[in-house]
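Worksheet: the structure to be examined is printed underneath.
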Amino acid sequence: MKTLLLVLSFTCVFEISNSILGTHFWKFQEKVGQYKKKRFLKNKLRWQKVFSPNSHLMYSEFEDLYLEQPLDHFDPLVTDIYEQRYWVNPTYWNKENGPVFLFIGGEGALGAYDVEEGEHVDLAKKYGALIFAVEHRFYGASINKDGLKLEYLQYLSSQQALADLASFHRFATSKYNITQSNIWICFGGSYPGSLSAWFRLKYPHLVYGAIASSAPVRVVKNFEGYNQVVAASLADPVVKGSLKCSDNIAAAFKIIDQKIKDKQFDTLKADFKSCNNISSYNDTALFLNNLAGIFMGIVQYNNEMPDWNVAAVCQNMTQPASPYDNLVKFTTIYLDGMGQECFDNSYDNFIQELEDTTPTEEGVGVRQWTYQTCSQFGYYQTCDQNTTCLFSPLIDLKSSLEVCTTVFGIHGKIVDKQVDFTNSYYGANHPKGTRIVFVNGSIDPWHALSVLRNESPSQISIYINGTAHCANMKSQQPTDPPSLVEARQKIDAQIGEWLNETKLPNKDMRLYFTV
Ligand SMILES: *[C@@H]1O[C@H](CO)[C@@H](O)[C@H](O)[C@H]1NC(C)=O
Ligand SMILES: *[C@@H]1O[C@H](CO)[C@@H](O)[C@H](O)[C@H]1NC(C)=O
Ligand SMILES: *[C@@H]1O[C@H](CO)[C@@H](O)[C@H](O)[C@H]1NC(C)=O
Ligand SMILES: *[C@@H]1O[C@H](CO)[C@@H](O)[C@H](O)[C@H]1NC(C)=O
Ligand SMILES: *[C@@H]1O[C@H](CO)[C@@H](O)[C@H](O)[C@H]1NC(C)=O
Ligand SMILES: *[C@@H]1O[C@H](CO)[C@@H](O)[C@H](O)[C@H]1NC(C)=O
Ligand SMILES: *[C@@H]1O[C@H](CO)[C@@H](O)[C@H](O)[C@H]1NC(C)=O
Ligand SMILES: CC(=O)N[C@H]1CO[C@H](CO)[C@@H](O)[C@@H]1O
């Protein structure tokens with residue numbers, strides 16, 4: 001029953017890590033991240049062979065750089081520091097009046113590719129921008145070696161992360177000789193999408209405009225809306241889903257629920273390739289989360305990897321065999337595809353993983369992100385309300401909240417209070433900002449928490465028919481659907497407009513445009 005946390009990744013930094021129980025969803029996400037990295041490297045190597053056949057093939061020409069940040073921006077008596085990692089790509093920069101593009105990190109490590117590839121890089125080429133990518137505190141290499149201990153997690157918050165960006169702005173302005181003529185625009189997808197919107201909202205004097213892709217700015221404890229979109233996406237013909245497909249998935253989960261009631265745990269263990277016995281309550285819940293996580297992951301990352309998309313799920317789930325048998329078979333295909341023999345459905349293992357305080361430089365920070373959901377965001381992707389959820393109602397809020405209590409000592413009532421505060425603090429899905437573009441995909445379950453309508457003439461929403469999480473953040477590809485091409489053009493035009501208005505002959509005019 002724990003909800004895997006949402007993680008953002010690669011272009012989406014580490015596209016929001018999910019908040020469902022178990023680590024399986026994360027594994028899928030990591031696989032998506034690895035795939036993208038591999039594709040990127042392959043393209044890069046090909047490029048290097050063509051243009052510099054004799055160069056040694058390095059991962060990237062852009063090195064890891066660090067700046068010192070206070071562990072606590074708000075309490076002068078805390079004098080500890082940590083080193084925050086960032087990258088800079090000056091290749092396209094027109095120093096005189098080119099903008100600065102800030103790519104914001106989230107719940108996973110960033111990489112040099114974040115200043116080399118993606119929509120923001122394409123736009124940087126066009127507009128002569130200096131590109132920075134800044135890793136989020138406590139993720140990747142931006143953490144002290146004992147940073148994951150409970151006593152330090154209090155310094156992991158979106159407010160501290162935004163203050164890091166303010167402090168980075170000051171640091172970079174001085175180090176790279178950035179002037180008033182170089183206006184800043186920030187980018188982010190998923191949780192960093194929220195940070196992008198919030199950076200503009202809370203620090204409008206530092207950043208001129210923000211692109212917020214797939215940004216779940218309205219936080220919510222029980223995010224049952226996630227699975228409503230998952231259900232709608234699996235039924236959506238635009239991505240080759242169908243009602244029959246979603247009905248069959250629901251039917252299969254109903255049979256599983258019945259087998260659980262009948263205590264047929266050995267059958268379930270064998271049918272769905274569980275590594276462990278799942279008869280204890282917590283393990284059963286984890287099993288259900290992991291199984292549902294297959295569908296959540298594939299929908300959220302629809303078409304990020306070849307063969308793993310709604311179309312394939314629905315082909316498998318609408319075969320002539322019974323829905324249950326189709327699900328059993330698809331689970332096996334899925335595990336093979338992930339290179340795993342069985343699902344680890346052990347709740348104890350899951351908790352142990354969350355309690356591990358050893359930082360890992362790569363990938364998603366599972367412990368950190370879980371802490372952020374417990375302490376600020378909730379986002380638990382449950383199935384226990386009266387919704388159109390296809391999965392088992394045993395995927396419930398109670399078990400997600402138990403993880404907060406068990407691992408961090410944060411009780412459900414506190415989660416409530418913190419989630420309410422976060423919405424008050426930032427304005428939920430009606431933030432009163434200006435020059436913020438919210439971009440969402442209709443297939444992306446996270447869009448349910450984003451800004452989907454124009455809030456004002458300068459706080460606008462772009463809704464992409466048929467795309468999943470953060471699709472617009474990738475560089476353009478020949479296979480992109482017209483809706484995505486059009487969305488990117490709108491973002492491009494918006495940035496063009498912002499830059500034009502700052503280049504008016506009387507520069508002081510700029511002040512009138514900022515409010
Ligand atoms: C910034 O300007 C100073 C003084 O003009 C110069 O010495 C330095 O090299 C410049 N730094 C960069 C990164 O351009
Ligand atoms: C799983 O555990 C239950 C309860 O302890 C036990 O009855 C059952 O035989 C176990 N199944 C397997 C396959 O070990
Ligand atoms: C399930 O997990 C919760 C939270 O870790 C724990 O309090 C509870 O005792 C566990 N239940 C069982 C039956 O092990
Ligand atoms: C089932 O899904 C797999 C993995 O996506 C895919 O390769 C396969 O073609 C699908 N099977 C059918 C019958 O559509
Ligand atoms: C769920 O639906 C049932 C039947 O419509 C209703 O009796 C029940 O109160 C609902 N529960 C919630 C939490 O809305
Ligand atoms: C989305 O695209 C499909 C066709 O690809 C079209 O039938 C549908 O009307 C579109 N939906 C919206 C809201 O534009
Ligand atoms: C910005 O100004 C340039 C030059 O005047 C013009 O060609 C371009 O169309 C303008 N772009 C937008 C988005 O207004
Ligand atoms: C779920 C949802 O609110 N979808 C909305 C997304 O944005 C489009 C365009 O603004 C609306 O038509 C949808 O209703």
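All values below were derived from every heavy atom in this structure, side-chain atoms included, with hydrogens, water molecules and symmetry-related copies excluded. Source: prediction; values computed, not measured.
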Taking atom types as modelled, is there a side-chain donor on [X] or [Y] under 3.5 Å from an acceptor on the other?
| X | Y | result |
| --- | --- | --- |
| Tyr463 | Ser483 | no |
| Trp87 | Asp114 | no |
| Gln69 | Gln84 | yes |
| Gln476 | Glu119 | no |
| Glu83 | Ser142 | no |
| Tyr66 | Glu135 | no |

Quickly, which of Trp93, Phe168, Phe103 forms a ring pair (Phe, Tyr, Trp, His ring centres under 6.0 Å) with Phe132? Name it, please. Phe168
Are Asp356 and Arg367 ion-paired here, with the side-chain N under 4.0 Å from a carboxylate O?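 Result for this pair is no, no salt bridge flagged.
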Donor-acceptor pair, distance only, cut-off 3.5 Å: does the side chain of Ser196 make one with the backbone of Ile211?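 A pair under 3.5 Å: yes.
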Side-chain (Arg488) to main-chain (Asn472) donor-acceptor, under 3.5 angstrom: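 Yes, the answer is positive, given that a donor and an acceptor are paired below the 3.5 Å cut-off.
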Apply side-chain hydrogen bond (donor to acceptor under 3.5 Å, both in side chains) to residues Asn222 and Tyr379 and explain how you reach the verdict. CA-CA 6 Å; Asn222 194 341; Tyr379 290 144; over 6 Å; no
Apply the test side-chain hydrogen bond (donor to acceptor under 3.5 Å, both in side chains) to residues Gln300 and Tyr226: give CA-CA distance (whole Å), side-chain angles for both, the deciding distance (0.1 Å), then the verdict. CA-CA 10 Å; Gln300 182 170 324; Tyr226 183 94; 2.7 Å; yes
is_close_aromatic(Tyr425, Trp198), centroid dist under 6.0 Å: no
Between Phe138 and Tyr371, does the ring centre distance come in under 6.0 Å?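 No, the ring centres sit 6.0 Å or more apart.
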Tell me, with the steps shown, if Glu501 and Arg435 meet salt bridge (Lys or Arg N to Asp or Glu O under 4.0 Å). CA-CA 12 Å; Glu501 68 191 33; Arg435 280 194 224 106; 3.2 Å; yes
Would you sort out whether Val121 and Glu116 count as a side-chain contact (heavy atoms from CB on, under 4.5 Å), showing the intermediate values? CA-CA 6 Å; Val121 177; Glu116 293 181 84; 5.6 Å; no
